[in-house]
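Take a look at the structure set out below.
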Amino acid sequence: MVKYGLDYTRCRWILPLLLGIGVIFGIIALAGRGWLESQTLPYVHQASLWESCRRPDQGGQWTCESLMGYAWGRAAAATYLVGFILLVICFALAIIAFAIDTLRFNFIRGIGGLLFVAAVFSVMGLVIYPVKFSTEIEMTGINMFSWAYGFGWTTAIMEICLGFFFCCLPNYEDQILGNVKPTYFYSSP
């Protein structure tokens with residue numbers, strides 16, 4: 001933003017917009033049924049963060065069991081959900097911070113710190129789930145962690161990257177607000 005001379009008033013909503021996209025990806029991960037899916041025919045296994053479903057053959061009926069009956073299922077869901085709630089709080093705080101004409105840069109650095117905490121919780125949930133799922137739940141055939149699980153990792157990576165942006169933005173406070181005199185590289189002969 002600073003290096004290429006982009007105007008602060010035009011670019012101030014980029015970071016909250018990226019946080020909003022992270023919130024949308026988190027909702028997709030929480031609601032998606034594609035955390036684990038069968039990779040090859042017959043498609044007999046499908047799982048979300050909340051339940052594991054299987055069917056006996058290609059045309060059979062899906063039977064689902066809740067993962068909340070397992071301690072690791074509750075732990076994975078709780079930690080990922082806490083990370084998501086912290087992300088939503090950071091999104092609301094970023095909208096408030098960037099809506100005010102005079103930015104409070106220490107407030108923005110606090111949002112960055114909270115994003116790192118959200119990333120820790122999200123990554124904990126995303127690591128607990130596949131490790132314990134593959135050891136505790138019987139899987140048949142070839143299975144893969146699929147699109148909803150990928151959205152969960154995308155959310156966690158966005159939390160980490162945006163945390164760095166929010167923490168580093170106050171270092172360029174004077175340049176962003178236009179308080180620095182321009183330097184000219186022209187010298188008269």
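We use all heavy atoms of the structure for the numbers below, so side chains are in, but hydrogens, waters and symmetry mates are not.
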A97 and I111 have their tightest heavy-atom pair at CB-CD1, 4.2 Å
One should read off an interatomic distance between C161 SG and L115 CG, to the nearest 0.5 angstrom, of 10.5 Å
Please indicate whether F121 has more than 12 foreign heavy atoms, meaning atoms of other residues, nucleotides or ligands, lying under 6.0 Å from its CZ. no
Distance, nearest 0.5 Å, that separates CD of E136 from CH2 of W72: 7.0 Å
For A47, check side-chain contact (heavy atoms from CB on, under 4.5 Å) against everything at least two apart and list the hits. L36, S52, Y129, F133
Could I get the full list of side-chain hydrogen bond (donor to acceptor under 3.5 Å, both in side chains) partners for R54, not counting sequence neighbours? none
Residues 79-98 vs side chain to side chain donor-acceptor pair (under 3.5 Å), sequence neighbours excluded, gives none
Please name the pair of heavy atoms, one in A94 and one in P16, separated by the smallest distance, quoted to 0.1 Å. O-CG, 4.0 Å
Quick one: side chain to side chain donor-acceptor pair (under 3.5 Å) pairs with a partner in residues 112-126, sequence neighbours left out? S122-E159
Under the side-chain contact (heavy atoms from CB on, under 4.5 Å) rule, what do L67 and R74 come out as? Steps first, then yes or no, please. CA-CA 7 Å; L67 294 179; R74 291 189 302 271; over 6 Å; no
Cut-off 3.5 Å, no hydrogens considered: what does the side-chain donor-acceptor table look like for residues 17-28, sequence neighbours left out?
none

Any pair counted as side chain to side chain donor-acceptor pair (under 3.5 Å), so long as it reaches residues 84-99, sequence neighbours left out: none
Applying disulfide bond (SG atoms under 2.5 Å apart), name anything that partners C64, two or more places apart in sequence or on another chain. C53
Does any pair with a residue in residues 24-39 pass salt bridge (Lys or Arg N to Asp or Glu O under 4.0 Å), and if so which ones, sequence neighbours excluded? R33-E51
For I85, which residues count as a side-chain contact (heavy atoms from CB on, under 4.5 Å) partner, sequence neighbours excluded? L81, I89
Nearest heavy-atom contact between A156 and L126 is CB-CD1, 4.0 Å
Walk me through it: do K132 and Y70 pass the test side-chain contact (heavy atoms from CB on, under 4.5 Å)? CA-CA 10 Å; K132 296 306 283 183; Y70 299 96; over 6 Å; no
Holding to side-chain hydrogen bond (donor to acceptor under 3.5 Å, both in side chains), I want the full list of residues that pass it with W153, two or more places apart in sequence or in another chain. Y149
Hits for salt bridge (Lys or Arg N to Asp or Glu O under 4.0 Å) against E65, two or more places apart or cross-chain, chain-then-number order -> none
Can you name the closest pair of heavy atoms from W50 and A77 and give their distance? CZ3-CB, 3.4 Å
Considering only heavy atoms from C-beta outward, does the side chain of R109 approach that of F166 to under 4.5 Å? no
Give me the atom names and distance for the closest heavy-atom approach of L15 to L162. CD2-CD2, 3.8 Å
For A29 versus A148, what's the shortest heavy-atom pair and its separation? CB-O, 3.6 Å
Should I95 and F165 be counted in the same cluster of Ile, Leu, Val, Met, Phe, Trp and Tyr side chains packed under 4.5 Å apart? yes
Under 4.5 Å side-chain linkage, directly or through intermediates, the cluster mates of I160: F116, F164
In one Ile/Leu/Val/Met/Phe/Trp/Tyr side-chain cluster, 4.5 Å: M124, L30: yes
